[in-house]
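What follows is a short report on a single structure.
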Amino acid sequence: MFDWIANLVEQGGYLGIAALMLLENVFPPIPSELIMPLAGFAAARGELNIVGAVLAGTLGSILGAVFWYYIGVWVGDERLQRWAVRHGRWMTLTPQEIEKSCTWFARHGGIAVLVGRLVPAVRTLISVPAGISDMPLGRFLTYSTLGTIVWTALLAAAGYFLESQYQEVSNWLNPVSTIVIVVLVLAYLYRVLTFRRRVDAS
């Protein structure tokens with residue numbers, strides 16, 4: 001995968017970076033932690049402009065986020081509540097919890113999207129509840145873009161200043177991503193196991 005990403009950045013330039021970041025959001029196993037430092041390294045060698053690389057990465061990432069946002073819009077809270085009635089244990093959600101979550105997201109969703117775009121493994125997922133809770137597209141794009149610019153700029157800057165050592169960024173962030181995923185899985189299993197208790201208490 002590394003050689004494929006490197007070739008696409010080298011041959012595709014800004015368009016290649018945007019395409020990779022779009023795929024990274026739609027198909028998460030493609031890591032932004034490798035794409036953007038590699039783009040920064042290319043900028044350090046004079047092959048790209050660092051600002052252009054950040055903007056290209058941001059554009060591709062936002063297009064991927066909008067894709068998942070509209071998946072959330074399509075699902076909607078009413079459909080999600082119907083699914084919760086049928087498959088609540090495996091969704092680990094009751095209809096009442098979905099309603100409360102949508103109310104909370106309507107009030108604080110902007111900050112959740114902004115912060116979520118900075119967290120490995122959560123960056124893609126945060127777009128779905130934004131769509132489900134009917135967050136206005138303009139508001140979603142504003143907060144998502146702010147978070148994404150910070151994320152892509154940090155990764156690109158790391159690659160730019162580390163130059164040939166840019167892979168160290170990926171080596172450092174990959175364990176962080178793994179920890180986040182493990183925590184999410186454990187939290188899911190806990191909610192599955194305690195689902196009946198929460199239903200009885202509500």
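This is a predicted model, so every value here is computed, not measured.
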Carefully, step by step, assess Thr145 and Ile149 under the rule side chain to side chain contact (heavy atoms under 4.5 Å, CB included).
CA-CA 6 Å; Thr145 299; Ile149 286 176; 3.8 Å; yes
Among Asn25, Leu22, Val26, which residue satisfies the side chain to side chain contact (heavy atoms under 4.5 Å, CB included) criterion with Leu63?
Leu22
Exercise answer: donor-acceptor pairs, residues 137-144 side-chain atoms, under 3.5 Å, sequence neighbours excluded:
| unit_1 | atom_1 | unit_2 | atom_2 | d |
| --- | --- | --- | --- | --- |
| Thr142 | OG1 | Gly138 | O | 2.9 |
| Ser144 | OG | Arg117 | NE | 3.4 |

I'd like to check Val113 versus Met135 (side-chain heavy atoms, cut-off strictly below 4.5 Å). Are they in contact?
yes
How many angstroms lie between CD1 in Ile126 and CH2 in Trp68, if you round to the nearest 0.5 Å?
14.0 Å
I need the minimum non-hydrogen distance between Ala53 and Ala39, along with the two atoms involved.
CB-CB, 4.2 Å
Is the shortest heavy-atom distance from the side chain of Val73 to the side chain of Tyr70 under 4.5 Å?
yes
If two hydrophobic side chains count as joined below 4.5 Å and joins carry through other members, does Val54 share a cluster with Leu48?
no
Are Leu20 and Leu15 connected in the hydrophobic side-chain network, where two residues link if heavy atoms are under 4.5 Å apart?
no
Step by step, would you call Tyr14 with Leu59 a side chain to side chain contact (heavy atoms under 4.5 Å, CB included)?
CA-CA 10 Å; Tyr14 303 115; Leu59 175 62; over 6 Å; no
Of all heavy-atom pairs between Gly40 and Ile50, which one has the smallest distance, and what is that distance?
CA-CD1, 4.0 Å
For the CG atom of Leu154 and the CG atom of Leu118, what is their distance to the nearest 0.5 Å?
8.0 Å
Looking at residues at least two apart in the chain, or sitting in another chain, which of them share a side chain to side chain donor-acceptor pair (under 3.5 Å) with Thr152?
Thr58
